[in-house]
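Please read the structure below before turning to the comments.
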Amino acid sequence: MQVIKTNNYEDMSRVVAEMFIAQITAKPTSVLGLATGSTPESAYKLLVQAYENKQVDFSQVTTVNLDEYHGLTPDNPQSYRYFMNSNLFNLINIDKNKTHVPSGTAANPDAECERYEKLIEEVGGIDLQLLGMGHNGHLAFNEPGEELSPVTHHVYLSETTIKANSRFFETYEDVPKSAISMGMKSIMSGRKLILAVSGNAKANILKKALYGPITTQIPASLLQLHNDVTVVTDCL
Ligand code: GLP
């Protein structure tokens with residue numbers, strides 16, 4: 001595991017964006033695993049800038065997102081599909097048909113999970129996976145608990161996550177209580193992983209995840225088992 005400590009959020013974002021640009025330059029047909037939340041926002045802005053400056057070409061890239069809220073349509077501004085379209089996909093030369101986010105409104109969520117897991121395989125697996133981390137150490141929506149799910153699954157969100165994510169919604173009640181999320185095996189199958197973590201509030205849980213015991217109570221601690229993880233953080 002490589003740990004890159006940066007001075008601030010902007011530097012962290014620059015390192016993350018540069019890693020993506022290097023990946024796409026080395027392999028223009030890369031499959032990128034993407035994340036939502038506040039953490040990757042600036043990195044996405046930098047990727048848009050790099051595209052505008054003709055430093056990177058997304059025309060052959062495929063993307064696979066980690067998760068989506070259950071019950072939100074793609075045109076709902078709180079949905080992760082909407083986030084990805086407005087922060088990245090609408091602003092670069094990517095083929096939208098090659099951008100994948102789990103459907104939050106599938107009539108049968110279990111069938112959707114199965115479809116999504118197969119899709120990850122069909123696109124050839126993920127070359128570079130970006131991960132944020134929740135305040136409780138979750139990855140995507142793999143919440144701390146006795147057990148973790150290996151593959152894409154329908155999951156009920158923890159109180160901590162609902163509270164943390166309520167900042168994006170008008171009221172706490174508006175936050176969806178469940179989601180579709182890639183599982184730990186889906187994530188750990190990524191050939192190269194980047195964990196981006198920013199802000200003092202996450203310093204303690206990040207230390208535990210990186211240097212403490214590997215435990216399902218801190219899903220990010222499983223990253224210690226992966227042989228190509230780069231942690232980029234301003235909070236250590
Ligand atoms: C959300 C997402 C995660 C994300 C995490 C951190 O619940 N499901 O994929 O990494 O929380 O979010 P933020 O970057 O806003 O702190």
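In each ligand, atom 1 is the first atom listed, and ligand 1 is the first ligand listed. What you see below is based on every heavy atom in this structure, not just the backbone, and it leaves out hydrogens, waters and symmetry mates. All values derive from a computational prediction rather than experimental measurement.
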Could you go through ligand 1 and note, for every N or O atom, any protein N or O atom closer than 3.5 angstrom, writing the atom names and distance to 0.1 Å, or 'none'?
from     : atom 1 : to     : atom 2 : distance (Å)
ligand 1 : 7 (O)  : His138 : NE2    : 3.3
ligand 1 : 7 (O)  : Asn165 : ND2    : 3.0
ligand 1 : 8 (N)  : Asp67  : OD2    : 2.8
ligand 1 : 8 (N)  : Ala140 : O      : 3.2
ligand 1 : 11 (O) : His138 : NE2    : 3.2
ligand 1 : 14 (O) : Ser38  : N      : 3.3
ligand 1 : 14 (O) : Thr39  : N      : 3.0
ligand 1 : 14 (O) : Thr39  : OG1    : 2.4
ligand 1 : 15 (O) : Ser38  : N      : 2.8
ligand 1 : 15 (O) : Ser38  : OG     : 3.4
ligand 1 : 15 (O) : Arg167 : NH2    : 2.8
ligand 1 : 16 (O) : Lys202 : NZ     : 2.7

- Hey, are Asp234 and Ser198 close enough side-chain-wise for a donor-acceptor pair under 3.5 Å?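 Checked: Ser198/Asp234 side chains pair up, N/O donor to acceptor below 3.5 Å.
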- Query: Between Ser181 and His153, do the side chains contain an N or O donor and an N or O acceptor separated by less than 3.5 Å?
  - Reply: no
Donor-acceptor contacts, no H, no angles, side chain residues 203-218, under 3.5 Å, sequence neighbours left out:
from   : atom 1 : to     : atom 2 : distance (Å)
Thr215 : OG1    : Gln217 : N      : 2.9
Thr216 : OG1    : Gly145 : O      : 2.6
Thr216 : OG1    : Glu146 : O      : 3.4
Gln217 : NE2    : Gly145 : O      : 3.3

- Could you tell me how the ring of Tyr156 sits relative to the ring of His154: parallel (under 30°), tilted (30 to 60°) or perpendicular (over 60°)?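 Because their plane-to-plane angle lies in the 30° to 60° range, the rings of Tyr156 and His154 count as tilted.
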- Residues forming a side chain to side chain donor-acceptor pair (under 3.5 Å) with Ser13, sequence neighbours excluded: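 Here no residue qualifies.
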- Item | Sequence-distant partners of Arg14, salt bridge (Lys or Arg N to Asp or Glu O under 4.0 Å), two or more places apart |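 Result, salt bridge (Lys or Arg N to Asp or Glu O under 4.0 Å) vs Arg14: Asp11, Glu18.
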